[in-house]
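All remarks here apply to the structure that follows.
The residues of the chain are indexed from 1 along the displayed sequence.
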Amino acid sequence: MTDAACIAAAALAVGALRIEGVREFSFYSDSATGQAIHFPGWKYPVVIDAAGIVRYDNYNGAWGNQEKLTAFVAAYALARVEQAADLEGWYHERSGDNVVIYHPDGGTLTVGPGGSIDAAGFVGSACETATAPLVAALGQQTSQSLKPEYQARQVRAQE
């Protein structure tokens, strides 16, 4: 997590109480330097250091609900995807917990909160080209499954 605008958007999306600038923050028996996000019901803030590593102390859920952090991470991924779509000039919209991107080649890319990408309407390896900016924005691709359309070839008619 290195993009400040996406961190702010994700914090707003999950109802964080406040965001603090970079400084040292203390936990029960440790400390971390970075930007802090304060969640409702959490004893200590979630701190994102300069390398983008998330540091926190919730004492296995006793000092803060882990689901709030999971939702924050998911919201950050969606904010990064929306930012990448904007940079490419692609139209996108939120649909429930997903971001749907309408690719200029005619396909759609649906990104789920965990960063899963479903490409529809592409022929052959065009889906890999279409998803490349999104995968780069997310930072890594955890898995990939190919649809039958991946094996298809685009046929061009000649008049």
Side-chain angles (χ1 to χ4, degrees), residues 1-16 19 21-22 32-40 42 45-56 58 60-61 64-159:
M1 294 190 168
T2 56
D3 188 278
C6 292
I7 289 170
L12 180 64
V14 298
I19 301 173
V22 177
T33 300
Q35 183 178 19
I37 313 296
H38 295 269
F39 293 126
W42 279 59
V46 171
V47 178
I48 304 168
D49 69 17
I53 306 296
V54 178
R55 304 188 184 282
Y56 62 96
N58 71 347
N60 295 319
N65 186 341
Q66 184 68 32
E67 290 177 7
K68 185 61 83 171
L69 180 59
T70 302
F72 172 71
V73 171
Y76 178 83
L78 292 181
R80 287 286 292 173
V81 164
E82 288 178 315
Q83 182 184 63
D86 287 341
L87 288 172
E88 294 291 329
W90 299 343
Y91 176 75
H92 59 85
E93 63 187 10
R94 289 277 178 129
S95 176
D97 290 337
N98 300 320
V99 173
V100 179
I101 300 167
Y102 300 93
H103 194 273
D105 290 346
T108 58
L109 304 166
T110 304
V111 183
S116 63
I117 304 171
D118 179 52
F122 297 94
V123 177
S125 62
C127 60
E128 291 177 335
T129 304
T131 59
L134 306 180
V135 171
L138 292 169
Q140 65 181 0
Q141 183 174 3
T142 55
S143 66
Q144 179 183 46
S145 60
L146 301 176
K147 296 180 178 180
E149 293 88 352
Y150 186 81
Q151 302 302 326
R153 296 176 192 242
Q154 186 142 10
V155 178
R156 294 180 186 216
Q158 193 172 25
E159 292 183 25

message = Using every non-hydrogen atom in the two residues, find where Ala119 and Leu109 come nearest and quote the distance to one decimal.
response = CB-CD2, 3.6 Å
ask   = Between Thr108 and Ile101, is any pair of side-chain heavy atoms under 4.5 Å apart?
value = no
inquiry  = Give me the atom names and distance for the closest heavy-atom approach of Ile37 to Ala11.
reply    = CG2-CB, 4.1 Å
inquiry  = Please determine whether side chain to side chain contact (heavy atoms under 4.5 Å, CB included) holds for the pair Val111 and Leu134, giving the CA-CA distance in whole Å, both sets of side-chain angles, and the decisive distance to 0.1 Å.
reply    = CA-CA 9 Å; Val111 183; Leu134 306 180; 4.1 Å; yes
task = Output, in order, the C-alpha distance, side-chain angles, deciding distance and verdict of side chain to side chain contact (heavy atoms under 4.5 Å, CB included) for Met1 and Val73.
result = CA-CA 9 Å; Met1 294 190 168; Val73 171; 3.6 Å; yes
Test item: Asp105 side-chain N/O and Gly107 main-chain N/O as donor-acceptor pair under 3.5 Å = no
task = Would you name the heavy atoms of Gly112 and Leu78 that are closest together and state the gap between them?
result = O-CD2, 3.5 Å
message = Can you give me the closest heavy-atom contact between Ala75 and Ala13, atom names plus distance?
response = CB-CB, 4.1 Å
request  = Report the distance from atom NE2 of His92 to atom NE2 of His103, rounding to the nearest 0.5 Å.
outcome  = 13.5 Å
inquiry  = Using modelled atom types and a 3.5 Å cut-off, is there a donor and acceptor pairing between side-chain atoms of Arg80 and backbone atoms of Ala137?
reply    = yes
inquiry  = Can you give me the closest heavy-atom contact between Pro133 and Ala130, atom names plus distance?
reply    = CD-O, 3.4 Å
query = Can you check whether Tyr91 reaches Pro104 side chain to side chain, under 4.5 Å on heavy atoms?
reply = no
inquiry  = If you define the side chain from C-beta out and look only at heavy atoms, does anything of Thr131 sit under 4.5 Å from Phe122?
reply    = no
key: Heavy-atom check, side chain of Tyr56 versus side chain of Val47, under 4.5 Å   = no
message = Less than 4.5 Å apart, side chain to side chain, heavy atoms only: is that true for Leu138 and Ile117?
response = yes
ask   = Is there a side-chain contact between Glu93 and Tyr102, using heavy atoms and a 4.5 Å cut-off?
value = yes
ask   = Any side-chain heavy atom of Val14 sitting closer than 4.5 Å to one from Leu69?
value = no
key: Flag, side chain of Lys68 to backbone of Phe39, donor-acceptor distance under 3.5 Å   = no
query = Are any side-chain N or O atoms of Asn98 and backbone N or O atoms of Val100, one a donor and one an acceptor, separated by less than 3.5 Å?
reply = no
task = Provide the closest heavy-atom pair for Ala79 versus Ala9 in the form atom of the first, atom of the second, distance.
result = CB-CB, 4.2 Å
message = A side-chain contact here means heavy atoms from C-beta on lying under 4.5 Å apart; do Ile48 and Ile7 qualify?
response = yes
key: Side-chain donor/acceptor of Tyr76 to backbone N/O of Asp3, under 3.5 Å   = yes
